[in-house]
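Okay, so here's the structure we're looking at.
Each chain gets a letter, A, B and so on, in the order its sequence line appears, and its residues count up from 1. The basis for the numbers below is simple: all heavy atoms, side chains too, and nothing from hydrogens, waters or symmetry mates.
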Protein chains: 2
Amino acid sequence: MSVAALAELGSLLADQSRSTLLVALMDGRAWTVTELAHHATIARSTASEHLSRLHDAGLVVVEAQGRHRYFRLADNYVAQLVETLGGVQLSTPGSRRHFSKVPPALAHARSCYDHLAGQVAVELYEGLVTSGHLMLSVDLVTITVQGRGLFQSLGVDVSMLERSGRPLVRTCLDWTERRHHLAGGLGAALFQVLIDRRWIRRGRQPRSIVITEAGNCALPRLTGSDRTREDVQNNSALAEILRT
Amino acid sequence: MSVAALAELGSLLADQSRSTLLVALMDGRAWTVTELAHHATIARSTASEHLSRLHDAGLVVVEAQGRHRYFRLADNYVAQLVETLGGVQLSTPGSRRHFSKVPPALAHARSCYDHLAGQVAVELYEGLVTSGHLMLSVDLVTITVQGRGLFQSLGVDVSMLERSGRPLVRTCLDWTERRHHLAGGLGAALFQVLIDRRWIRRGRQPRSIVITEAGNCALPRLTGSDRTREDVQNNSALAEILRT
DNA sequence: GTTACTCTTCGGTCCGCGCCGAAACGTCGG
DNA sequence: CCGACGTTTCGGCGCGGACCGAAGAGTAAC
């Protein structure tokens, strides 16, 4: 699908007069140019031009009858489209260039302070949400009963964590993935579990804190060769857990 | 229904640059002004203005982090909206010319936002229909009981998806095949499953979005040599599933 | 503090296009 | 054929807005 087509469709709807014409046609009946022009309070010639554009785009169809030309919406799909859009409440990047500077191992999995970050972390977090262990409300994430069960079974004392004063569930915008991953007390505990069970493993590098370009992630990281093997284990084991 | 709101939404989408920005955000990730500006090949200031308008309208949300400001689509509903509009086929007379220029790998399999597209996707979708996992009514596609079983067995939580607010089953007109493929929440979930199970695999290219001549497809794509092998696996495995 | 970086705001230019009225085209009735 | 009427095409006007570069505000690292 096409950006150009999207923009074109948008520009068709963008004009107030054209929108008025389309809405007037929403009843499914056919109307003449003059009638529609009068309804939209524009000149006949202007209405004619608008309808011509809508016709070229295939949004309306025309039926000639004598010297009249009756315009109708093309089909139900267009009507549905207009209805959908009308219901909205409004209140290539070719250029990942500086991304190439991020070592793949780093993008794949790393630590962010005391929790896991990177592709693995993002997938993990989203997996926890879609599997119903975490629940997403407006702008708040909470742990579900099911999630409590999961973490308890992993040896995490959730209620203990809750009393620690630190927020249990937090999300953190992942620096490389641009999506959220799990942070907070639960994120830290989970990271510990993953390490303890050897599903992931710290990299060979000294635990130095490297400040990246974006400046916001600390990363004793997973090493290249180990990473792959460890992550496969990680994925399958976690997948199994999430399936519970 | 408000004509004014319709026109305003249209005018937001009408501009090619804004459409490009929105489409770039369709992957659900968050991007900075600079990145988006570069992707749309416009000045940072221009991109900033566009994003500001989109933000005012509530189509995108912004998250400040240090000196960066990350923009994301506001919610799934917006994504659905863009997807719906993008699925409209406008009958632009001159637009069938550049078919031969589509790279074969691209026509064969590619991603379309967050779901699979291309020949493989079209066959897959039609397979799901003929095998009774999806049901086709007048202008509506729904999942059958049998289909629920299939997706559950693939690890997709269908009922969870249904509650997410995003339409579960959508179809999207395939840009190269001119037939429908599966989109919506189910399409996205299926795509994820295919990747997780390594039945398909992202291309070796950096995950850049390449704009084709027709200007219309985002494509972290399957590479040539790998593609074939991976797709064969894909097909047989899927065929087996569909036979169930 | 300084330097470097990102992002927004502000002038100013320029193109697109929505608008109208006049004229041309087509169809119907007399 | 001729006038009446519905519609489309054309020329020209004027506004809105997309665009950029420069300047200003805010943040991060040294």
Side-chain angles (χ1 to χ4, degrees), chain A residues 3-4 6-22 30-57 60-72 95 97-99 101 173 175 178 208-219, chain B residues 3-4 6-22 30-57 60-72:
Chain A
V3 172
L6 180 60
E8 187 177 340
L9 181 56
S11 76
L12 284 173
L13 301 169
D15 184 71
Q16 183 101 19
S17 298
R18 271 195 300 271
S19 287
T20 304
L21 295 179
L22 281 175
W31 301 87
T32 66
V33 174
T34 303
E35 289 165 339
L36 290 169
H38 186 257
H39 178 251
T41 57
I42 51 178
R44 278 191 287 267
S45 59
T46 307
S48 175
E49 283 166 353
H50 284 315
L51 290 167
S52 174
R53 278 194 65 180
L54 294 174
H55 178 67
D56 289 346
V60 303
V61 292
V62 63
E63 199 166 335
Q65 209 166 95
R67 49 188 166 185
H68 300 274
R69 299 186 71 202
Y70 290 94
F71 287 87
R72 255 185 315 116
S95 74
R97 204 167 301 138
H98 47 297
F99 270 69
K101 292 177 185 166
L173 189 65
W175 161 58
R178 311 299 170 105
S208 64
I209 293 183
V210 179
I211 302 300
T212 67
E213 185 195 0
N216 56 5
C217 235
L219 33 110
Chain B
V3 173
L6 180 60
E8 186 177 341
L9 180 57
S11 77
L12 284 173
L13 300 169
D15 184 71
Q16 182 100 20
S17 298
R18 271 195 299 272
S19 285
T20 304
L21 295 179
L22 281 175
W31 300 86
T32 65
V33 173
T34 302
E35 291 164 340
L36 291 168
H38 190 259
H39 172 233
T41 56
I42 51 179
R44 275 193 290 268
S45 58
T46 307
S48 177
E49 283 166 353
H50 282 314
L51 289 166
S52 174
R53 276 194 67 180
L54 294 173
H55 179 68
D56 289 346
V60 304
V61 292
V62 62
E63 197 165 338
Q65 203 166 94
R67 51 187 165 186
H68 301 273
R69 298 186 70 203
Y70 290 93
F71 286 88
R72 255 185 314 117

| Below 4.0 Å: OP1/OP2 of C:dT6 and any side-chain N or O of B:R69 | no
| message | Below the 4.0 Å mark, does C:dC17 have OP1 or OP2 next to a side-chain nitrogen or oxygen of A:H50? | response | no
| field | Nearest-nucleotide pick for B:F71, side chain only, options being C:dT6, D:dA18, C:dT8 | value | C:dT8
| field | For atom CG of B:L51 and atom P of D:dC19, their distance in whole Å | value | 12 Å
| Base, sugar-phosphate, or nothing for B:S11, non-hydrogen atoms under 4.0 angstrom? | nothing
| query | How would you label the contact of A:R44 with the nucleic acid (heavy atoms, under 4.0 Å): base, sugar-phosphate, or nothing? | reply | base
| remark: Residues passing the side chain to side chain contact (heavy atoms under 4.5 Å, CB included) test with A:R67, sequence neighbours excluded, are none
| Looking at B:R53, does any N or O in its side chain come under 4.0 Å of the phosphate oxygens OP1/OP2 on D:dG17? | no
| Separation of D:dT8 C1' from A:L54 CG (nearest whole Å) | 15 Å
| Taking only residues two or more places apart in sequence or in another chain, which ones pass side chain to side chain contact (heavy atoms under 4.5 Å, CB included) with A:L13? | A:L9, A:L22, A:L85
| side-chain hydrogen bond (donor to acceptor under 3.5 Å, both in side chains) against A:T32, all qualifying residues, sequence neighbours excluded | A:E35
| Shortest non-hydrogen contact from A:A57 to A:L12? | CB-CD1, 3.3 Å
| note | Separation of D:dT27 atom P from B:Y70 atom OH, nearest Å, is 16 Å
| message | Taking side chain to side chain contact (heavy atoms under 4.5 Å, CB included) as the definition, give me every residue that meets it alongside A:E49, ordered by chain and number, with sequence neighbours left out. | response | none
| query | Quantified as the angle between the terminal helix axes (five pairs each), what is the overall bend of the helix from C:dG1-D:dC30 to C:dG30-D:dC1 to 10 degrees? | reply | 30°
| remark: Shortest non-hydrogen pair, A:A37 vs A:A47, comes out as CB-CB, 3.5 Å
| said: Taking any heavy-atom pair under 4.0 Å as a contact, classify A:S52: base, sugar-phosphate, or nothing. | reply: nothing
| Between B:A14 and A:A14, which heavy-atom pair has the shortest distance, and what is it? | CB-CB, 3.9 Å
| query | With the threshold set at 4.0 Å, does a side-chain nitrogen-carboxylate oxygen contact exist between B:E63 and B:R69? | reply | no
| said: Rounding to an integer number of Å, can you tell me how far B:E8 CD sits from D:dG17 C1'? | reply: 14 Å
| said: Check the phosphate of C:dG18 against A:S17, side-chain N and O only, distance under 4.0 Å to OP1 or OP2. Yes or no? | reply: no
| message | Are the side chains of A:Y70 and A:V62 in contact, using a 4.5 Å heavy-atom criterion? | response | no
| field | Side chain B:S52, main chain B:S48, donor-acceptor under 3.5 Å | value | no
| note | In numerical order, the residues of residues 32-42 of chain A whose heavy atoms come under 4.0 Å of DNA chain D are A:T32, A:V33, A:T34
| field | Residue-phosphate contact under 4.0 Å: B:S48 side-chain N/O, C:dT8 OP1/OP2 | value | yes
| note | Separation of D:dG17 atom P from B:R18 atom CZ, nearest Å, is 9 Å
| said: Strictly distance-based, threshold 3.5 Å: is any side-chain N or O of B:H55 a donor or acceptor partner for the main-chain N or O of B:V60? | reply: yes
| field | Residues which pass side chain to side chain contact (heavy atoms under 4.5 Å, CB included) with B:T46, listed by chain and number, not counting sequence neighbours | value | B:I42, B:A43, B:H50
With 3.5 Å as the limit, what N/O pairs link the protein to nucleotides 10-16 of chain D?
residue	atom	partner	partner atom	Å
D:dC10	N4	A:E49	OE2	3.1

| Atom-pair distance (CG on B:D15; C1' on C:dC15), nearest Å | 13 Å
| request: Please check the phosphate of D:dA28 (OP1 and OP2 only) for any side-chain N or O of B:H68 closer than 4.0 Å. | output: no
| request: Can you figure out which of C:dT9, D:dA28, D:dA18 approaches the side chain of B:R67 most closely? | output: D:dA28
